[in-house]
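Below: one structure, written as structure tokens.
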Protein chains: 2
Amino acid sequence: MTLDTRTERRTAPLSKTQIVEAAISILDREGEDALTFRALATRLVTGSGALYHHVASKDDLLAAATDDLIAHVTRQAASEATPEQALRTLARGVFDTLQRHPWIGSVLSRDPWQYAVVRLIESIGQQIQSMGVPGPAQFNAATAVMSFILGLASQHASRARLFPPGADQTALRDVALRSIAARWMTLEPSEHPFVREVAKILPDHDDREQFLGGVDIIVRGLRSLREDAMDGDGSDFCR
Amino acid sequence: MTLDTRTERRTAPLSKTQIVEAAISILDREGEDALTFRALATRLVTGSGALYHHVASKDDLLAAATDDLIAHVTRQAASEATPEQALRTLARGVFDTLQRHPWIGSVLSRDPWQYAVVRLIESIGQQIQSMGVPGPAQFNAATAVMSFILGLASQHASRARLFPPGADQTALRDVALRSIAARWMTLEPSEHPFVREVAKILPDHDDREQFLGGVDIIVRGLRSLREDAMDGDGSDFCR
DNA sequence: GACACGAATGGAACGCCGTTCCAAGACGAT
DNA sequence: ATCGTCTTGGAACGGCGTTCCATTCGTGTC
């Protein structure tokens, strides 16, 4: 018997870029959980099986989408005057990209060897080299910065899981922070002096400022590392 | 009609601690993916439905398991002489715990407001206060350290996903690192000078040393922060 | 001691997922 | 025109977290 219910075949062929773009759009507009091969197939007016001819797996798809966006960030950082500036630009760029596409956080922290991460390490490492961090410490320093960024990434990822896109993000964030601060205030005071102190300023804090504050601490640490190395060379400026 | 196939009811009652312990044991011995409510029910000789009377969801279960283990780490750090020592002990403790129970990494990075994370922030924050970091910067500093630790956590989590437990971990790690280094060496040299340099030392590096190196950088940054604040008080020692 | 009733139990069922399979169309080379 | 290869898309598979619910146990009340 013939299947007369079979739908028409598409005329224009599918392509990986096309699929990746559709995936990014779904992720941005409907959140991480909304990206399924069924949903993607519906949006591209095809079947889920067809997608597997262009994309090896869901992880492959997510890695490709993430790499697209991270590549854009590292390109920006490459054109800064001083290495410290470049490092800050890179950090800011990652922050803003995570803000706009928070699902990237999940992907970045899923596999530290994916190309998007290699891109970031390369970019960070080049700046650390130019900063004059001594050779053997360069790798440590670069991975420390990378770890810090990945930590940020996972925070953004769970923020996105908490409030999927659509609603007024800033309002939701405000409510959520207030409720967390309230919960923290109910904790045993003698065991949680710090957290209870923090709870007071939590609702008013600025994520971005806080992140850049962290970057500043690390940059200071790197400077200190370099100066200690220079001390060894007899170039102690403080004497 | 009566169902004669129905199995016997258990005599000793279930409890949340019992369930959490069984979950930890499965996670440690068979890996993250092996923990399913079906597997857990089989191991505890019960049905999956019964578990939901003691545990709200899988996330709840994972959070409870993680909190158990993290609480142990923060308790250790609390009894150190100097705050810098305590910070290092905390970091070392987290590292070693992640090494033994790498699935914790996934859980920690899933939800930054779970109690295990609050425990860590409190512990970090107390040390940062004693270090004399100026008030307004304390929160930034604590979350920076937390971010760094979460970054480490996510790296461990994906290591665990890469090689589920059972096999010879160190041998597998060695092979994996060598293959990654080899892949990095095939990258376009002009665009990846740093990563290709790193590839040479990658197979021989020590994760733990590297992590502690990162902690050192951050501690240096914190010292620098404190000294700048003291400068403002006229206590500049370098003049 | 009989009874009622809430809590605990455990197995079946639901809805969804990523992935695989494969019959059927499209199309270039011969 | 015919064949072989690549692409398509829908159905099917196995497994997941979770929900549902008939059954059973333990306990307080009369």
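Proteins come first, then strands; the chains are lettered A, B, ... in the order of their sequence lines, and each starts at number 1.
Salt-bridge annotation for B/R178 and B/D174: present, with a side-chain N of the basic residue lying under 4.0 Å from a carboxylate O of the acidic one. Salt bridge status for A/D33 with A/R161: absent, with no side-chain N to carboxylate O gap under 4.0 Å.
Taking atom CG on B/D33 and atom P on D/dG14, their separation rounds to 19 Å, with Å as the unit. Here D/dG10 presents its C1' atom at 16 Å from CZ of A/F37, a figure rounded to the nearest Å. Following rounding to the nearest Å, B/R110 (CZ) and D/dG17 (C1') show an atom-to-atom distance of 13 Å. Between the NZ atom of B/K58 and the P atom of D/dC16 there is a distance of 8 Å, given to the nearest Å. Between A/L35 atom CG and C/dG18 atom P there is a gap of 7 Å when expressed in whole angstrom units. One interatomic measurement links the two molecules: CG of B/L51 to P of D/dC20, which rounds to 17 Å at whole-angstrom precision.
Other residues, nucleotides and ligands place no more than 12 heavy atoms under 6.0 Å from the CZ atom of B/R29.
Looking at B/H192, its side chain does come within 3.5 Å of a backbone N or O of B/E188 through a donor-acceptor pair.
Put simply, A/H54 has no side-chain N or O that comes within less than 4.0 Å of OP1 or OP2 on D/dT7.
Relative to the side chain of B/Y52, the nucleotides C/dA12, D/dG17, C/dG18 differ in distance, and D/dG17 lies closest. Among the nucleotides C/dT9, C/dG18, C/dC14, the one closest to the side chain of B/H53 is C/dT9. Distance from the side chain of B/S48 is smallest to C/dA12 among C/dG18, D/dC16, C/dA12.
Residue B/R38 places no side-chain atom within donor-acceptor reach of the base of D/dG15, judged by atom type and a 3.5 Å distance cut-off alone.
Within 4.0 Å (heavy atoms only), B/L40 reaches no atom of the nucleic acid at all. Among the atoms of the strands shown, only primed sugar atoms or phosphate atoms (P, OP1, OP2) are found under 4.0 Å from some heavy atom of A/L14. Looking at heavy-atom distances under 4.0 Å, B/S57 makes contact with sugar-phosphate atoms alone, never a base. Counting any heavy atom pair closer than 4.0 Å across all strands shown, A/L61 reaches no nucleic acid atom.
Using bins of under 30°, 30° to 60° and over 60° for the plane-to-plane angle, the ring pair A/F139/B/H205 lands in the tilted bin.
Residues A/A34 and A/A50 each lie close to DNA chain C; by heavy-atom proximity, the contact nearer the 5' end of the strand is made by A/A34.
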